[in-house]
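Since the structure comes first, as structure tokens, the remarks are kept for the end.
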Amino acid sequence: MISHRKLVSLNNNIVVALSGGVDSAVAALMLSRDHSDISAIFMKNWDEDDGTEFCNSVQNFADAQRVCDVLKIPLTTINFSHEYWEKVFRALIRGYEQGITPNPDILCNREIKFGMFLSYAQTKGIPTIATGHYAALKEVEDQIYLYRGRDKEKDQSYFLSGVPRQQLRHCKFPLQGVTKTEVRRIAKAAKLPVHNKKDSTGICFIGKRKFPEFLSRYINATRGEIVDSRGTVLGEHEGLPYYTLGQRKGIGIGGTTNGVEAPWYVVQKLFDSNRLVITQNESDLMSTTLRACEINWLVNEPQKYVNCDAVVRYRQRPTPCTFEMEQNSVTVTFTQPQRATTPGQYVTFYHGDLCLGSAKISEVLQ
């Protein structure tokens with residue numbers, strides 16, 4: 001069990017979040033070369049009270065400690081498991097119950113890593129936090145702006161686009177000018193013990209478990225019919241919350257009598273009739289217009305960027321679009337159809353590499 005201890009030093013100007021991985025380790029290394037007064041913190045956001053090893057924070061903490069031993073910087077730990085449960089996981093479950101597909105990474109950044117962590121550091125007299133995210137921050141005329149990182153394959157501005165602008169003012173991203181390949185090389189040259197550690201993928205508390213199996217512990221879902229676009233019953237689904245739009249694997253439908261030999265995709269979840277609608281026509285997944293709410297602008301005058309680019313998922317290539325702002329929402333129209341735009345996920349806006357902000361997708365307009 002990881003304890004919650006006070007920060008070793010209250011005189012530091014920067015505290016870096018260490019995850020036990022190579023990205024945050026190199027971020028700490030780069031900071032330590034420029035600053036003699038940094039400390040590190042390890043956040044524990046999920047309790048392994050079910051006896052599983054899917055989210056191995058014990059090993060991650062040990063790796064973070066080994067990095068700090070090499071860099072000779074103090075490390076402390078803090079347990080945000082309660083806050084994560086209340087601010088992120090409850091919202092995740094509530095979203096699935098309502099039929100949307102939430103994005104826990106964006107929620108975690110907003111509420112925990114750049115919310116609770118920043119607040120905690122500042123109460124200890126430390127004004128600035130740093131992380132190993134691949135993104136860039138620039139200050140222009142006393143205003144802070146978020147940009148895509150140099151490594152476009154690893155750029156994480158999408159996951160940061162929901163963080164309020166005033167919080168980003170107190171952050172540093174040391175990896176903004178380096179690529180993942182360079183990070184590995186820097187870590188190896190500095191003999192950091194995590195230089196060849198594999199990257200983590202997915203949501204840590206789910207790990208390699210099957211997602212429906214995990215979700216069923218928290219949601220009571222009812223089996224129902226799987227139908228095609230004409231309403232023909234093709235099988236039975238396990239519960240609508242366990243599926244997402246565009247999903248291909250795990251539907252449980254093989255070939256059909258006199259049917260076309262082509263994959264099936266989830267195209268609709270009809271909660272009123274508890275039916276899962278699937279299609280073999282990928283064009284059914286395409287749409288050009290969406291409506292989004294919970295807008296988080298990261299620029300002073302978003303109206304001036306009404307013609308911009310946007311993405312609806314991580315690692316997607318930005319596509320030109322226009323947006324029309326209303327009082328509490330924004331309607332986005334793309335110049336090219338987008339595949340499987342999913343309510344609950346986020347649309348993030350860009351002007352070149354400048355991240356304009358984001359909003360949570362609430363409706364897809366066919």
(request) Tell me, with the steps shown, if Thr348 and Ser161 meet side chain to side chain donor-acceptor pair (under 3.5 Å). (result) CA-CA 7 Å; Thr348 299; Ser161 62; 3.0 Å; yes

(request) May I have all residue pairs that pass ring-ring contact (aromatic ring centres under 6.0 Å, His included) and include part of residues 346-366, sequence neighbours excluded? (result)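 Every pair satisfying ring-ring contact (aromatic ring centres under 6.0 Å, His included) with a residue in residues 346-366: Trp297-Phe349, Tyr305-His351, Phe323-Phe349.
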
Below 3.5 Å, can you tabulate the donor-acceptor pairs from side chains in residues 145-152 to any protein atom, sequence neighbours excluded?
from: Tyr145; atom 1: OH; to: Asn300; atom 2: ND2; distance (Å): 3.3
from: Arg150; atom 1: NH1; to: Gly177; atom 2: O; distance (Å): 3.0
from: Arg150; atom 1: NH1; to: Glu182; atom 2: OE1; distance (Å): 2.9
from: Arg150; atom 1: NH1; to: Glu182; atom 2: OE2; distance (Å): 3.3
from: Arg150; atom 1: NH2; to: Glu182; atom 2: OE2; distance (Å): 3.4
from: Asp151; atom 1: OD1; to: Glu153; atom 2: N; distance (Å): 3.1
from: Asp151; atom 1: OD1; to: Lys154; atom 2: N; distance (Å): 3.4
from: Asp151; atom 1: OD2; to: Lys180; atom 2: N; distance (Å): 2.8
from: Lys152; atom 1: NZ; to: Gly149; atom 2: O; distance (Å): 3.0

Can you name the nearest heavy-atom pair linking [X] to [Y], along with the distance?
X      : Y      : value
Ala135 : Leu160 : CB-CD1, 3.5 Å
Leu168 : Leu298 : CD1-CD2, 4.1 Å
Val347 : Ile361 : N-CG1, 3.9 Å

(request) Quick one: do Thr279 and Asn281 satisfy side chain to side chain donor-acceptor pair (under 3.5 Å)? Show the steps, please. (result) CA-CA 5 Å; Thr279 183; Asn281 186 357; 5.5 Å; no

Parallel, tilted or perpendicular: ring planes of [X] versus [Y], cut at 30 and 60 degrees:
X      : Y      : answer
Phe114 : His133 : tilted
Phe214 : Trp46  : tilted
Phe159 : Tyr314 : tilted

(request) Kindly compute the distance separating CD1 (Ile278) from CG (Asp228), expressed to the nearest 0.5 Å. (result)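 Spacing of CD1 (Ile278) from CG (Asp228) equals 7.5 Å.
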
(message) Using 0.5 Å steps for rounding, measure from the CZ atom of Arg313 to the CZ atom of Arg339.
(response)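 Here the rounded value is 7.5 Å.
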
(request) Take Trp85 and Arg90, measure what side chain to side chain contact (heavy atoms under 4.5 Å, CB included) needs, and give me the verdict at the end. (result) CA-CA 6 Å; Trp85 180 277; Arg90 283 188 183 276; 3.6 Å; yes

[X] atom [atom1], over 12 foreign heavy atoms within 6.0 Å:
X      : atom1 : value
Lys172 : NZ    : no
Asn220 : CG    : no
Arg248 : CZ    : no

(message) Applying the side chain to side chain contact (heavy atoms under 4.5 Å, CB included) criterion to Phe117, which one of Val15, Ile112, Ile78 satisfies it?
(response)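 Passing option: Val15.
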
(request) Run the salt-bridge test on Arg184 and Asp199 with the 4.0 Å N-O cut-off and return the result as yes or no. (result)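 The answer is yes: the pair qualifies as a salt bridge.
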
(request) Answer yes or no: is there an ion pair linking Glu83 with Lys87, defined by an N-O contact shorter than 4.0 Å? (result)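 Answer for the salt bridge query: no.
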
(request) Tell me yes or no: between the side chains of Asn60 and Lys197, is some donor less than 3.5 Å from an acceptor? (result)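 Note: Asn60 and Lys197 side chains meet the donor-acceptor criterion.
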
(message) Can you confirm whether the side chains of Thr342 and Thr101 place a donor and an acceptor under 3.5 Å from each other?
(response)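 On atom types as modelled, these side chains do not qualify, holding no pair under 3.5 Å.
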
(message) Taking salt bridge (Lys or Arg N to Asp or Glu O under 4.0 Å) as the definition, give me every residue that meets it alongside Glu324, ordered by chain and number, with sequence neighbours left out.
(response)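 For Glu324, no residue satisfies salt bridge (Lys or Arg N to Asp or Glu O under 4.0 Å) once neighbours in sequence are set aside.
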
(message) As a quick check of understanding, evaluate side chain to side chain contact (heavy atoms under 4.5 Å, CB included) for Tyr158 and Ile106, giving each step before the final call.
(response) CA-CA 8 Å; Tyr158 174 78; Ile106 289 180; 3.9 Å; yes

Would you check if [X] and [Y] make a side-chain contact, meaning some heavy-atom pair closer than 4.5 Å?
X      : Y      : answer
Val16  : Ile129 : no
Ile226 : Ile251 : yes
Ser273 : Val227 : no

Under 3.5 Å, side chain of [X] to main-chain N/O of [Y], donor-acceptor pair present?
X      : Y      : value
Ser32  : Leu29  : yes
Ser287 : Thr289 : no
Ser216 : Glu213 : yes
Glu111 : Leu107 : no

(message) Checking Asn274 against Lys269 for the side chain to side chain donor-acceptor pair (under 3.5 Å) test, could you report, in this order, the C-alpha distance in whole Å, the side-chain angles of both residues, the deciding distance, and whether it holds?
(response) CA-CA 7 Å; Asn274 194 28; Lys269 298 193 291 184; over 6 Å; no

(request) Check the pair Tyr134 / Asp23 against side chain to side chain donor-acceptor pair (under 3.5 Å), numbers first and verdict last. (result) CA-CA 9 Å; Tyr134 290 86; Asp23 295 332; 2.7 Å; yes

